[in-house]
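What follows is a single structure, written as structure tokens, with notes after it.
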Amino acid sequence: MYVTHLECPKCKTKFNHRELNQLCTSCQAPLLVRYDLNTIKEDFKKEYLKTRCCNLWRYRELLPIEKHSNVVSLGEVMTPILRIDKVGTSLGLKNLYLKDEGFNPGGSFKSRGAAIGISRAKELGIKAFAMPTNGNAGAAWATYAAKADIKAYIVMPKDAPTITRNECQISGAKLFLVDGLISDAGKIVAKAVKKYGFMDASTLKEPYRIEGKKTMGFEIAEQFGWKVPDVILYPTGGGVGLIGIYKALLELKEIGFIEGKLPRLVAVQATNCAPIVKAFNENKKESEFWEDAQTIAFGITVPKAIGDFLVLEAIYETNGSAVAVDDKDILKYQELIAKQEGLFICPEGAATLAAADELYKNGWIKENEKVLLLNTGSGLKYPDTVIYNPPFLKIQEEI
């Protein structure tokens with residue numbers, strides 16, 4: 001393992017990575033894993049990847065797991081990047097792509113964070129954790145925890161998708177529902193952590209979920225032949241995926257795997273829950289709590305992200321942007337891509353398509369630029385987003 005320490009991105013205080021450290025003890029900011037990138041540059045070459053399995057573990061030099069025996073895997077894969085020409089043509093974009101995270105175990109990108117987070121928890125001797133979730137993260141951590149024999153205590157809003165609740169329940173997690181938002185679930189988890197001494201697996205309150213999410217950035221760079229796209233649009237709630245992609249690209253640049261400008265990163269939110277977009281439009285470094293948050297894209301219903309300053313930094317440093325889209329447009333573009341490309345994507349993923357269309361129409365995205373959308377999960381996990389009323393046939397009736 002090439003990890004040197006954990007570091008607070010605000011005050012730069014260093015912490016021991018071989019101990020359970022959650023937030024910076026001085027400023028309560030998330031901790032980031034730091035590596036000896038100079039040594040990795042000497043020891044890790046692109047050609048080594050040719051003989052490795054096509055999953056996130058192929059980037060082991062840039063991951064925080066010390067011993068292979070501690071790896072907890074449920075069959076992760078390198079998710080495909082699909083060229084969506086029919087949709088691109090209809091919108092006027094000549095180089096439109098989608099990375100489909102629905103191919104992960106459990107059908108969402110949350111498997112990446114859970115794979116690394118649970119593996120590292122096992123390595124550190126963790127016996128139990130608690131976490132708030134909008135659904136997919138809790139489901140992913142519950143299933144990986146079952147494999148690792150770690151007890152999971154999951155708190156999610158009562159309106160979370162039924163399928164994710166079922167995943168938690170059948171995996172043996174202790175599931176609790178709260179009549180509120182993920183922020184309310186977070187307060188309950190904080191009390192449990194303090195009372196019972198659980199590891200707090202809330203978004204960015206442990207340093208390793210982001211290390212799993214950053215493997216999306218590694219894959220993007222490799223799948224594009226180490227020539228990164230011009231723009232990456234990401235559905236943003238807690239923002240770990242966008243932060244992770246940015247961290248991955250910085251590490252790849254440091255070890256010489258990629259060169260030149262980084263992609264312009266775009267955080268996509270819903271108009272009824274857009275704290276990052278509001279902060280970006282006001283040129284602020286942190287967001288404010290968003291009151292009465294509600295959107296059909298349930299996974300990005302996060303009124304205030306603990307890592308908001310890291311999301312905004314990634315946007316500013318890459319000359320990116322932040323866009324909010326309406327729920328009606330999310331459903332419109334979810335249907336559009338299904339009808340034209342045969343892809344049933346989650347509403348959060350559909351939000352990135354709506355945002356790309358808006359940014360192209362206002363001139364921010366150019367016609368020939370290479371644009372990548374991140375679909376963070378399978379639409380199969382959100383069956384209630386599809387409204388249909390097919391005709392009913394009696395026996396022996398014809399179409």
Side-chain angles (χ1 to χ4, degrees), residues 33 35 37 40 44-65 71 73-84 95-117 119 136 140 144 208-236 239-266 314 318 343 345-346 348-349 352 370-378:
V33 180
Y35 297 83
L37 294 176
I40 291 175
F44 182 31
K45 307 299 179 184
K46 291 177 188 176
E47 52 266 29
Y48 297 173
L49 295 169
K50 293 178 182 179
T51 59
R52 296 184 182 181
C53 291
C54 290
N55 57 35
L56 63 85
W57 304 103
R58 68 197 275 106
Y59 309 109
R60 54 180 175 264
E61 287 86 350
L62 288 161
L63 294 176
I65 309 306
V71 167
S73 175
L74 292 177
E76 305 77 35
V77 297
M78 177 183 278
T79 59
I81 289 179
L82 307 170
R83 187 170 180 126
I84 47 177
N95 295 291
L96 186 61
Y97 299 82
L98 179 139
K99 186 166 176 62
D100 195 349
E101 289 291 293
F103 283 79
N104 278 301
S108 89
F109 77 122
K110 301 290 186 178
S111 297
R112 295 179 184 270
I116 301 299
S119 295
N136 278 321
Y144 279 83
Y208 300 107
R209 184 192 300 201
I210 191 174
E211 295 302 295
K213 300 287 185 66
K214 80 177 183 184
T215 59
M216 286 185 290
F218 295 155
E219 289 182 15
I220 290 167
E222 185 178 0
Q223 287 170 307
F224 278 107
W226 309 108
K227 303 289 185 182
V228 294
D230 297 295
V231 180
I232 297 176
L233 294 99
Y234 200 91
T236 304
V240 183
L242 190 145
I243 299 166
I245 290 172
Y246 180 57
K247 186 175 189 287
L249 295 175
L250 290 177
E251 290 174 352
L252 289 178
K253 194 165 187 177
E254 186 69 23
I255 66 172
F257 277 34
I258 61 174
E259 299 176 350
K261 287 184 179 180
L262 296 183
R264 307 197 305 278
L265 299 177
V266 180
T318 61
L343 296 171
I345 65 176
C346 66
E348 295 83 2
T352 66
K370 192 174 290 183
V371 178
L372 177 66
L373 313 175
L374 261 294
N375 175 47
T376 48
S378 170

Discussion item. For a side-chain contact (heavy atoms from CB on, under 4.5 Å) check, start with the C-alpha distance between Ile84 and Leu373, then their side-chain angles and the critical distance, and finish with the verdict.
Written reply: CA-CA 10 Å; Ile84 47 177; Leu373 313 175; 4.0 Å; yes
Worksheet item: Checking side-chain contact (heavy atoms from CB on, under 4.5 Å) for the pair Leu98/Thr352: CA distance, chi angles, key distance, verdict?
Response: CA-CA 10 Å; Leu98 179 139; Thr352 66; 5.7 Å; no
Discussion item. Test side-chain contact (heavy atoms from CB on, under 4.5 Å) on Asn375 and Glu101; report intermediate values, then the result.
Written reply: CA-CA 6 Å; Asn375 175 47; Glu101 289 291 293; 5.9 Å; no
Discussion item. What verdict does the salt bridge (charged side-chain N to carboxylate O under 4.0 Å, His left out) test give for Arg52 and Glu222, after you've listed the backbone C-alpha separation in whole Å, the side-chain angles of each residue and the deciding distance to 0.1 Å?
Written reply: CA-CA 13 Å; Arg52 296 184 182 181; Glu222 185 178 0; over 6 Å; no
Fill in: Phe44 vs Leu49, side-chain contact (heavy atoms from CB on, under 4.5 Å): CA-CA, chis, key distance, verdict
CA-CA 9 Å; Phe44 182 31; Leu49 295 169; 3.9 Å; yes
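Closest heavy-atom contact between Gly106 and Ser111: N-OG, 4.4 Å. Across all their heavy atoms, Val77 and Phe103 have their closest contact at CG2-O, 3.7 Å. Pairing each heavy atom of Pro105 with each of Leu74, the nearest pair is CG-O, 3.5 Å. Of all the heavy atoms in Asp100 and Thr79, the pair that sits closest is O-CB, 3.3 Å. Closest approach of Val240 and Ile210 over heavy atoms only: CG1-CA, 3.7 Å. Listed here is the closest heavy atom pair of Ile245 and Gly217: CG1-N, 4.0 Å.
Counting heavy atoms from C-beta on, the side chains of Arg60 and Tyr48 never come closer than 4.5 Å. Leu249 has its side chain out of reach of Ile220: every pair of non-hydrogen atoms, C-beta onward, lies at least 4.5 Å apart. A 4.5 Å side-chain heavy-atom check between Phe224 and Ile81 finds at least one atom pair inside the cut-off. Side chains of Pro235 and Leu374 form a contact here, defined as non-hydrogen atoms less than 4.5 Å apart. Glu259 has its side chain out of reach of Trp226: every pair of non-hydrogen atoms, C-beta onward, lies at least 4.5 Å apart. When side chains are defined from C-beta on, Leu262 counts as touching Leu250, because their heavy atoms get closer than 4.5 Å. A 4.5 Å side-chain heavy-atom check between Tyr246 and Tyr234 finds every atom pair outside the cut-off. With contacts defined as side-chain heavy-atom distances shorter than 4.5 Å, the pair Ile116/Leu56 qualifies.
Interatomic distance, Arg112 CZ to Asn55 CG, rounded to the nearest 0.5 Å: 9.5 Å. Asn136 contributes atom CG, which lies 7.5 Å from atom CZ of Phe109 (distance to the nearest 0.5 angstrom). Atom NZ of residue Lys110 and atom NZ of residue Lys213 lie 4.0 Å apart, to the nearest 0.5 angstrom. To the nearest 0.5 angstrom, Leu233 atom CG is 9.5 Å from Arg264 atom CZ. Distance check: Leu265 CG to Leu242 CG gives 5.0 Å after rounding to the nearest 0.5 Å. To the nearest 0.5 Å, atoms CG (Leu372) and CG (Asn95) are separated by 11.5 Å.
In this structure, the side chain of Asp230 engages the main chain of Lys370 through a donor-acceptor pair within 3.5 Å. Under a 3.5 Å cut-off, the side chain of Lys214 and the backbone N or O of Leu62 do form a donor-acceptor pair. Judged by distance alone, the side chain of Lys247 and the main-chain N or O of Val33 form a donor-acceptor pair under 3.5 Å. At least one donor-acceptor pair closer than 3.5 Å links the side chain of Arg58 to the backbone N or O of Cys53.
Under the 6.0 Å cut-off for aromatic ring centres, Phe218 and Phe257 do not qualify, their centroids lying 6.0 Å or more apart.
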